[in-house]
Structures are given as structure tokens and as C-alpha cells.
Amino acid sequence: MTDYNPHSIEEKWQRRWAAQRVFEVTEEPGRPKFYCLVMFAYPSGHAHVGHVRNYMIGDVIARMKRMCGFNVLHPFGWDAFGLPAENAAIKNRSHPRTWTLENIAHMKGQLQRLGISYAWEREFATCEASYYKWNQWLFLEMFKRDLAYRRRATVNWCPGCATVLANEQVVDGGCWRCGTAVTPRELEQWFLRTTQYADELLEGIDRLDEWPTKVLTMQRNWIGRSEGALVRFPVEPAKPAVPAVDDDPVEIEVFTTRIDTIFGATCVVLAPEHALVDRFAAEATDPEAFRRRVQQFRAQDRTERMMGAVEKEGFDTGRTVVNPFTGRPVPVWIANFVLVQYGTGAVMAVPAHDQRDFEFARKYGLPVDVVIQPETEGDAAPLDGATMDAAYAGPGTLVRSGEFTGRSTDDAAAFMARAAAARDVGRPTVQFRLKDWGISRQRYWGTPIPIIHCDACGLQPVPYEDLPVELPTVAEFTGQGDSPLAQIPEFVDTSCPSCQGPARRETDTMDTFVDSSWYFYRYCDASNDEQAFDPEKVRYWAPIDFYIGGVEHAILHLIYSRFLCRVFKDLGMVDHDEPFTRLLTQGMVLRNGVVMSKSKGNVVDPDQMIASYGADTLRLYEMFVAPPEKELEWTDTGLEGSFRFLTRVWRLVTAVCPVVDGAPQNGLGTMTLDDAHRALRRKTHESIRRVSADLDPRAHLNTAVSALMELVNDLYVFCERHALAPHAAAARQGTSTDHVSIQTRAVLGEAIEALVLMLSPFTPHLCEELWERLGHAGGLVTVAWPTFDPEVARADEIVVPVQVNGKLRARLTVPADVSEEFLRAAALAEPAVQSHTVGKIVARVVVVRRRLVNIVVT
RNA sequence: GCGGAAGUGGCGGAAUUGGCAGACGCGCAGGCCUCAGGAGCCUGUGGGACCUAGUCCCAUGGGGGUUCAAGUCCCCCCUUCCGCACCA
């Protein structure tokens, strides 16, 4: 018997898999497909054992599904555009491409050494023109349909990265990547019209029943649908002493979800950034003082203001508007707690029924007018604006609300919104927190936006035949100036496709999330240079059956992808509603209680682990030690335990090879077996049942491994009893198999082969090697997954616990198919039970067949 | 503040439908085998009590409840993690 030597085994099988292209697939109509995908990688440099965890999870599922007869697409690629490459280029005075390609080469080697079963022939990197050409094509299709548009907007500017960020990329007021506090900036920007699909994106969530609820909740919150009404308050003229800046009558439009409280609106409040603020300042008696106060609010830390950490402050503009429902004038204030980016940037304040408004009113002595009275119980006093100490936001009956007085809040809001529409002072509406997706980035290392600016013709799409607009090679990266592309005249200067006159290219590049929001379709047809993908191929493979990735993409990537899925559907290129049927968000890998990361200095390099223990040990350890969704605390001793287990498997299988080789397993059904043999068969079939269910549909990889460990433990006991290797005592008796019965050989053979097959998704190299040594040629990648016989898996004797008043008192060993009556009688006759029932009245005996007996005494 | 998930031995974690709590592994202890053991194999390992071959009690964050039966279902509270955060 030779020792378990992972290195030679792993190299041997990795070479063979590649040479025989065993993981490459094509469409096979009529054969069930399975699209297993892990989120592709940003090539940041070196992957650590935390990065590779999800690749290993995906590999277990892919390999298992392959054995179950599915045509499995399991591709990999690179999310290769992005800032770090550019920053590294600035630092090293090199080119982002160089840095990126080197990292890809290294990380690909790491994944290949782990034996992940990717269809490498479909690999691509998004920084290749053959990929981003289709980004540009997609952009133009959207531009044609008005789903991509340009407008001047206040955007989130990250001074650290010197670029714009989408709302989704601002985390706690800072840049999601570098953490620098973002600042507002006015720029012409490109947007994708995600709001067009806001309702669809929200409703679709209800059908994503194989996604973690956490992700669904986050998406619902992010979309932030809110039903309410827009109401216009006409602005009254400024005092005659101050000339109006212009004579247009103006209105302030507010969004409210509580139009039923509008009779209690005692002022209207504008955000400091509201469009009317400047005009009001100009028309104020002391414009300078007015502007100074506004400026104070605008200067307040944006983050803190958004997070409500700043005290509510405001001032009266001196202007009034008319409440369209009461006809009475109410003052207009400007306050720091009103957000310009939500709704209309103006609100009506109803202090009696909104806590924020209440606090504001109390601070500045504004009236608190109660217009909703709750259902009073008994003699509770009705609400009084003068004495309340908090707003009442609950349900009730409208009071002092004109013709609406007496209505219930249940339907008043909808009714009054319609009334506003009838009077032409407002309308019912739905607000979303979700905004259109700003995709302009003032950086080099991304997809150039294929638009040409012509002074005569305006925005002109680059003609399709001119795609791709390739990134020019930039000689040197300095990090100076706003947009690298804008500094390259050869790139910028072009001619208008429409009038042939001189024109300028757009110099913004696309947010890299555009690249990553449709790459899964490209895998289906990765080398197509005629179109983004052949819809027929995507029809075969999509949607993705199993998608694995980090929960950090719960909002950004997964909403953008769901959005582009709908765009492709409208383009007639896909026919499914949702791109990802099932989503698994894997947990992080920690070491010493903190997330493994280069900056924390606690990373473990997979290559070092492979050098010490082999890839199979690393794979098994990460699959076994925690469920996929949970965090995994890295321990060296745990890893050694996994190595020990594989050594145990190796010794077991190689030792019994001569015994089981050629054993007549197909005769098992007719053989007469003794108890020990039946027990092992039962364990084998029970293990097949458990492992199969644990992998699919449960994806409880850790319990699947423990079931296999149990099987191995039982096999060791069986071998010891039957004087077989690998036990030391047996080994001393020599390797002769003469004493081994045909029954033993058959039962053992069945168990060993099932073990090797079921372990193979976890530790494929080891299992391939063992499978070959068991006498099978041709590899096991597509060998059928073992099936179990429920009759064999069922125990013929079972242990039934007996409780008295819910406390365990005895155990009965009985035939599995025993009747309830027998169980009941046997339980009552048990001495250990009788000692607790003697002298008492048996009130009830609960018998659950095959589970337990509970005797209730009083 | 709102929403979500979770809380089980010394540790990682099991427990598909309410039915023997602690599978499997790590660690620890003892034994076998050995020149040796940081290899291998076997055994033990939630806590406590006692009349210690055994028996009994307690135990899944805390407290109530439903039930013959609760880690699992319901209510209240505590803690941790995550998400959203003045969204009108």
C-alpha cells in the first residue's frame, strides 16, 4: 500500500481533465441542462482561501449535477475593468492592461490547481474589446429606446477615485470602494432608465422563492415603493416692497403619503437645494442674510444630514403658499432635514401627525393642528395640539377637515388624492427610492461610451459598423486631471457620423457594473463576434439555475442584472423573466475572528495549503467546517482533520481494492446476508439518500460530508470485524483475500464505490484516482450518481424511545413494521417504565409509529 | 428608530414535518501498537447529584404560553450580526 500523495494525483488528473476537455459542453436539446455559476472575479492579484470558497461550493454542485445526468454549464471569467488597475498603473507607471492580465494569469493558475471544473474555453475578460464591444452595442440599443439618456445632474463625486458614483455605490456617505466621503457635483451624465422597470423589479421579487429572504428584503427596501400624492401649493407674491425676479406664478409641489392630513399642514418646507430657493433669496428683503443661512445648511456634512445626525433646523422664508384644500396661506420654510433627492425636495409639514414635523414645530413655535382623532377607548381625552408631546401617526377619523371630516383614515388618503386630481391641484402618484442608474465614469479603464458630440447634430451614436470604440493605448498614467480619455486628442477628435463635420467623442467610460450585469449571457456564446450572444443558445442555457456569490452584491449587481434581463427581453433576445433562479450567498472566511483580507494581514494562500496538504484537503475542509451561507472560521487543526480523513479514505479504499475488485454486486439482491452485512448495506443506502438530499436541493454541503465520514467510520468497523485491512491487526495477517466471503466482497464493493462516487464532487482528484484503482477506466466525471433502494435503506429493527410524561425512561428495540398496539403494550410492560407508572393512573398513551411512545400518568 | 437573520458543549457545527438534543469534526483524556510518536487504531468526552456495575436531576440567551411532547410554534425581554436610516 502506498501513502496518500495528493500532489502527483492532483497533477495527473488536472492534466487529464484538460486534455480530454471533460468540462466543455455544447447545447444538447432534449437533455436537461443545469447552469451553475459563481460570480466572476475581479482580478485583484492573488486569491486567498476566502475568495476561493464560493468557487469550491459551485464546483461541488456542478460536479454532482453532472453525475446526475445534467448537461452542466459551469463557466468562469473576469470582471477586468475598474479602478484598482488604473491606480496600480499610476503607482507603477505601467499600463492597467499589464497589471490586469498578470493578475488574471496568476489567479487562473490558482483556480486550476484547485481542480475547479470550469469550461475554460468560454473564459473571457470584460476588458477585451470582443466583450466590451457588446457593452457598447447594448448601450446604443438602449440609447435608441430612450433607456440611456444624458442629463445634467447633481451626482455623487468621489474625490479619492476622481469619479462619479451611482447612488448604490455610496455606502454611509462614502465611496463603496475607497471610503472617501462623497461630495455633490453638477455634471452632464449618462443614465440608464432603471426606474422604467421599478414596478416590475419590485413585483418580480415575489417570485424569487429560491433567493435568501435577506436579499429580497434589501432589494425591496432599495426600490422603496411608496404610494402617495403630489400636491401643488401656489406661491403668493412677494411683498410689494421687493420686486419679483420674474412674474411667472410659481407653485411648490410636494409629495406626501398622508394627504389625509393636509388640513393640518401648517407650513411647507423646502430642502436647501430646492430649485426655488435661489429665487426666494433674490426676492427676500435681505438676500445676503437669506443666502448665508441656506449656505450653512448646504455646507452641513452631507452624510450626517442624510443620516439624521444633525439637529433639525430651519428658517421662515417670509413667503407663503396657499393650501389648496383649506384655501388658507401657510408659511414656507427652508430646513436641513428635507432631502432634495427624494420626492420633489419639498414637503408639507403636519406637526400633529408626523414626528419630524412635530419636533420642528415645537422648536419654532409653529401651530400643531390636530386633524386625525384616534378611536378613543372609554373616557380618554381627544388629542389636543397644545398639549400633545408626540405626533400621532396612527389611524383614526378625520376632524376639522372640511368636507372630508368624519372619514376614516383607511380610505381617506386615496379618496383625497383623487379629489386633488379632480380639482387640478394634485394627483395620486407612486414614488420610488430607486433612481436611474448613473453610469458615467471619468476614468480610463472601462468601456468607452459610444457617442459622438457634434455641435451641429448633437449627440450622435457611433454607427454599429464602427464598434468597438477601442480604448486608446495611453503612454503614461499620471492620475492628474479629470478624465484620462479627454486628454488624448487622437481619441477625442473625430468626425460626425451624420454631417461628417468635426466632432468630439464622449470621454466618459461606463460603470463596470454594466459589464457584470449581463456577462452570464455571454458565457452561453462566448466567442460570437456577430452578436452579443445567439438567443437560441441563451434560450437553452438560461436562466441560471444556481448562482453563488457574496451578499455584498445583494443590491448593486443583482438589481442591475435583473434590470438588464428585462432590457434584453424587450430586445427579444431572452425569454425568461428573471436571470437567476436560485441564489446562494456564501459566508466570508474569517481568521482570528476577523474577515480574511490582505489589509488585515491574515490571509491564507491556497497554494501554500495545496503544497502542504493538497487541493482536495482544502476543498473538503472548507465544505465541511461550516454551512455554505455561514461565516467560516479558519483553523489549521481543522484542516489537518480533513487531511486525516482523506488519508483514512485512501487507506481504506486502496486496502480493500483487491477484495472488491470484480465483486458480483449485481447479485446482492438475491444474496442471503447476515446482520453485519445487512447493516453495512443499510448504511450505504441510507448514506446515498442523505448525501443526495443534502447536496440537492438543500445544498447543505457540510452535513453531506459528515454523512460520508459516518460511512467511512462504519466501513472501518466492518473491516475490523471481518479481519480486513486497513486495520493493523488485519494487515499483519497478510493480504490474502481467501478468507473473504462473496457476500462480504459484494457488500463492501457496493459501499466503497458509493463512497468514492459521492465524495468525488468534494475531492475529485482523490476519487478519480481511487475509482481508477477500483478497476474502472475512463474517469468518473460523468459516471452516474449512485441511487438508493428505500427497502434496503430502511432498518428492519428500530429503536423507539419511551417517555413517561415527556421524560425519556426506556428504549425499545422492535421490528420496524411493528404495530401501534404492540408498541403500546411493550412500552407499558418495560420495567424502567413501570417504576415510573406504578401507583399512578395512566391517563393517555401517545404512540407515534416508528418515532416514540409517550405515557401520560397522573 | 425601522426591517431582517441569528443565539445549542471547551470550539466549528448537527437535529428535513413539533417526537431520543449535541450527528460529524476539532480539542482534550485514557488505552493499544511502537525504539519512539506530533503516525495509526480503539475507547471516553454537555453540566450536576447520589445509595456510583447504576439511578436521578438540570440543560438549546432569559421569562411566560400552546401541546401528551418545544432547539423547533406563539408572546414579552436580553444580546450579537447584517441591511436601511429625517424617504415625508
Side-chain angles (χ1 to χ4, degrees), chain A residues 3 171-172 212-222 224 226 228 254-258 261 269 305-312 335-339 341-344 346-350 353-357 359-360 393 431-433 551 554-555 621 624-627 629-642 644-645 647-648 651 690 693-694 697-698 700 702-710 712-713 716-717 720 726-732 799-811 832 835 843-848 850-857:
Chain A
D3 285 341
V171 179
D172 288 342
T213 52
K214 174 191 177 128
V215 174
L216 299 179
T217 306
M218 287 167 70
Q219 292 217 348
R220 270 194 201 97
N221 291 343
W222 190 264
S226 180
V254 304
F255 173 71
T256 177
T257 55
R258 292 298 307 272
T261 64
V269 191
R305 236 184 84 197
M306 296 249 306
M307 288 169 52
V310 174
E311 198 186 339
K312 290 176 182 49
N336 60 353
F337 71 91
V338 178
L339 304 174
Q341 57 272 67
Y342 185 78
T344 60
V347 301
M348 63 179 208
V350 185
H353 304 294
D354 180 286
Q355 188 57 27
R356 292 159 302 186
D357 299 343
E359 290 167 21
F360 191 69
Q431 277 289 325
F432 289 94
R433 219 187 73 122
V551 72
I555 300 173
Y621 169 67
F624 168 65
V625 78
E629 300 83 354
K630 262 194 96 158
E631 288 175 339
L632 183 160
E633 174 72 34
W634 180 270
T635 61
D636 293 339
T637 51
L639 187 75
E640 281 163 20
S642 293
R644 213 147 44 217
F645 172 72
T647 307
R648 229 162 116 75
R651 279 202 317 271
R690 277 173 64 188
D694 278 352
R698 300 215 302 165
H700 287 197
N702 55 327
T703 53
V705 174
S706 43
L708 291 169
M709 288 174 166
E710 283 186 45
V712 169
N713 290 345
Y716 265 76
V717 171
E720 184 180 38
H727 284 268
R732 281 199 315 281
V799 177
V800 176
V802 181
Q803 299 176 335
V804 178
N805 284 348
K807 287 187 177 156
L808 181 69
R809 297 302 178 189
R811 288 190 170 91
S835 65
R844 188 176 167 188
V845 181
V846 180
V847 182
V848 184
R850 304 181 61 87
R851 307 302 310 235
L852 65 33
V853 179
N854 190 10
I855 298 161
V856 186
V857 297

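Below, read A as the first sequence line, B as the second, and so on, with proteins coming before strands; counting in each chain starts at 1. Side-chain atoms are counted along with the backbone in the values below, which use heavy atoms only and exclude waters and symmetry mates.
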Phosphate-side-chain proximity, [X] and [N], N/O vs OP1/OP2 below 4.0 Å:
| X | N | result |
| --- | --- | --- |
| A/Ser226 | B/rA88 | yes |
| A/Asn713 | B/rG25 | yes |
| A/Arg809 | B/rA69 | no |
| A/Lys807 | B/rC58 | yes |
| A/Arg644 | B/rG27 | yes |

Note to self: Side chains of A/Arg648 and A/Asn713 only: does a donor on one sit below 3.5 Å from an acceptor on the other?
What the structure shows: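 Yes.
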Could you list all N or O pairs between the protein and nucleotides 12-14 of chain B that sit under 3.5 Å apart?
from, atom 1, to, atom 2, distance (Å)
B/rG12, O2', A/Val625, O, 2.7
B/rG13, O3', A/Asn702, ND2, 3.4
B/rA14, OP1, A/Asn702, ND2, 3.2

If only atom types and distance count, is the side chain of [X] paired as donor or acceptor with the main-chain N or O of [Y] below 3.5 Å?
| X | Y | value |
| --- | --- | --- |
| A/Arg258 | A/Ala393 | yes |
| A/Asn805 | A/Val857 | yes |
| A/Tyr621 | A/Thr635 | yes |

Distance, rounded to the nearest Å, where [X] contributes [atom1] and [N] contributes [atom2]:
| X | N | atom1 | atom2 | value |
| --- | --- | --- | --- | --- |
| A/Arg433 | B/rG3 | CZ | P | 16 Å |
| A/Phe432 | B/rA88 | CZ | P | 13 Å |
| A/Arg651 | B/rA39 | CZ | P | 12 Å |

Select base, sugar-phosphate, or nothing to describe what [X] touches, counting heavy atoms under 4.0 Å on all strands.
| X | value |
| --- | --- |
| A/Gly224 | nothing |
| A/Val799 | base |
| A/Thr256 | sugar-phosphate |
| A/Arg220 | nothing |

Notebook entry, point to check: Quick one: ring-ring contact (aromatic ring centres under 6.0 Å, His included) partners of A/Phe432, sequence neighbours excluded?
Noted result: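 Partners of A/Phe432 under the ring-ring contact (aromatic ring centres under 6.0 Å, His included) test: none.
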So if I take every side-chain heavy atom of [X] and compare against [options], which nucleotide ends up nearest?
| X | options | value |
| --- | --- | --- |
| A/Arg648 | B/rC41, B/rC87, B/rA5 | B/rC41 |
| A/Glu720 | B/rA5, B/rA88, B/rC42 | B/rC42 |
| A/Arg356 | B/rC87, B/rC20, B/rC24 | B/rC87 |

Next item on the list: Quick one: classify the glycosidic conformation of B/rG7 as syn or anti, with syn meaning within 90° of 0.
Entry: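 The base of B/rG7 is oriented anti (glycosidic angle more than 90° from 0).
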Between [M] and [N] - [atom1] atom distance, rounded Å:
| N | M | atom1 | answer |
| --- | --- | --- | --- |
| B/rG83 | B/rG71 | C1' | 26 Å |
| B/rG27 | B/rG13 | C1' | 14 Å |
| B/rA69 | B/rG1 | P | 38 Å |
| B/rC32 | B/rG25 | P | 23 Å |

Check: Which residue lies toward the 5' end of RNA chain B, A/Arg851 or A/Tyr342, if each is placed at its nearest nucleotide?
Finding: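 The answer here is A/Arg851.
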Next item on the list: Using the closest heavy atom to pick a nucleotide of RNA chain B for each, name whichever of A/Asp357 or A/Asp694 lands nearer the 5' end.
Entry: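 Looking at RNA chain B, the more 5' nearest nucleotide goes with A/Asp694.
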Next item on the list: Please list, chain by chain and in numerical order, all residues satisfying side-chain hydrogen bond (donor to acceptor under 3.5 Å, both in side chains) with A/Thr257, sequence neighbours excluded.
Entry: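 None.
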Next item on the list: Identify all stems in which RNA chain B takes part, counting only runs of at least 3 consecutive pairs (Watson-Crick or G-U wobble, each distance under 3.5 Å), and give each as one range with another, ordered by first number.
Entry: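 Detected stem regions: B:1-7 with B:78-84, B:10-12 with B:24-26, B:27-32 with B:40-45, B:46-50 with B:54-58, B:61-65 with B:73-77.
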Notebook entry, point to check: Is the base of B/rA88 touched by the side chain of A/Arg258 through a donor-acceptor pair closer than 3.5 angstrom?
Noted result: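 No pair found.
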Are there any protein N/O atoms within less than 3.5 Å of an N/O atom in nucleotides 8-11 of chain B, and if so, which ones and at what distance?
none

Note to self: Once rounded to the nearest 0.5 Å, what's the spacing between atom CD of A/Gln431 and atom OG1 of A/Thr344?
What the structure shows: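 Those atoms lie 7.5 Å apart.
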Listing time: all N or O pairs from protein to nucleotides 64-68 of chain B that are below 3.5 Å?
from, atom 1, to, atom 2, distance (Å)
B/rC68, OP1, A/Arg844, NH1, 3.1
B/rC68, O2', A/Asn854, ND2, 3.1
B/rC68, O2, A/Asn854, ND2, 2.8

